[in-house]
Amino acid sequence: MTVLGALEVDQEGNLANWMVPGKLVPGMGGAMDLVSGAKKVIVAMEHTAKDGVPKILKKCTLPLTGKGVVNLIITNLCVFAVTPAGLILQETAPGVTVDEVRAKTEAEFSVRLISA
């Protein structure tokens, strides 16, 4: 299992976490190795960028680190399972509504909240 951050994740479990266009980067580092060798990939990240733009998308726009590798997305707002049927919202942070998650998520998702 590996846990890492992301710039973008999409509803198919694709991960982009190493390059921002226009920024100088030395390379993708070990992230590609981590996601290709792990049986389970968990992404832990802020739900939106600093400007409020969603980071959970229908389709990643940045170069991919791994295709279809993400199993679970944990953000400051919620937890999504990534399944062959798409994203499933499993949990929201205290005080966060499903409507708020929908408003801040570009990707489509179904809701199956796990009660505590």
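Keep in mind that what you see is a predicted model, and the values were worked out from it rather than measured. No hydrogens, no waters, no symmetry mates; every other heavy atom, side chains included, goes into these values.
Counting heavy atoms from C-beta on, the side chains of Val43 and Leu15 come closer than 4.5 Å. At a threshold of 4.5 Å between non-hydrogen side-chain atoms, the residues Phe80 and Val101 count as touching. In this structure the side chain of Arg102 reaches within 4.5 angstrom of the side chain of Val111, judged on heavy atoms. Counting only heavy atoms from C-beta outward, the side chains of Phe109 and Ile56 never approach each other to under 4.5 Å. For the pair Thr105/Pro54, no side-chain contact is recorded, criterion being any heavy-atom separation below 4.5 Å from C-beta on. Here the side chains of Val82 and Leu72 are not in contact, with every heavy-atom distance at 4.5 Å or above. Between Glu91 and Cys78 there is no side-chain heavy-atom pair separated by less than 4.5 Å.
With rounding to the nearest 0.5 Å, the separation of CG in Asn14 from CG in Leu57 is 10.5 Å. Atom CD of residue Glu46 and atom CG of residue Asn76 lie 4.0 Å apart, to the nearest 0.5 angstrom.
Checking side-chain atoms of Asp10 against main-chain N and O of Cys60 turns up a donor-acceptor pair under 3.5 Å. In this structure, the side chain of Thr75 does not engage the main chain of Met45 through any donor-acceptor pair within 3.5 Å. Side-chain N or O atoms of Thr83 include one that pairs as donor or acceptor with a backbone N or O of Ala85 at under 3.5 Å. Judged by distance alone, the side chain of Asn17 and the main-chain N or O of Gly5 form a donor-acceptor pair under 3.5 Å. Using a distance-only test at 3.5 Å, with no hydrogens or angles considered, a donor-acceptor pair links the side chain of Gln11 to the main chain of Glu108.
Judged as a side chain to side chain contact (heavy atoms under 4.5 Å, CB included), and not counting sequence neighbours, the contacts of Asn71 are Lys40, Val41. Applying the side chain to side chain contact (heavy atoms under 4.5 Å, CB included) criterion to Glu100, with sequence neighbours excluded, gives Leu77, Val96, Thr97, Lys104. Looking at residues two or more places apart in sequence or on another chain, you find a side chain to side chain donor-acceptor pair (under 3.5 Å) between Thr61 and Glu8. Taking Lys58 as the reference, nothing meets the side chain to side chain donor-acceptor pair (under 3.5 Å) condition, with sequence neighbours excluded. Under the side chain to side chain contact (heavy atoms under 4.5 Å, CB included) criterion, Arg112 pairs with Ile88, not counting sequence neighbours.
Salt bridge present: Glu12 and Lys59 bring a charged side-chain N and a carboxylate O closer than 4.0 Å.
Sequence neighbours left out, not one pair with a member in residues 48-57 passes side-chain hydrogen bond (donor to acceptor under 3.5 Å, both in side chains).
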Inset, instruction - Under the side chain to side chain contact (heavy atoms under 4.5 Å, CB included) rule, what do Leu113 and Val98 come out as? Steps first, then yes or no, please. - result: CA-CA 10 Å; Leu113 297 176; Val98 173; 4.2 Å; yes
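Under the 4.5 Å side-chain heavy-atom criterion for ILVMFWY residues, no single connected hydrophobic cluster contains both Ile73 and Val53.
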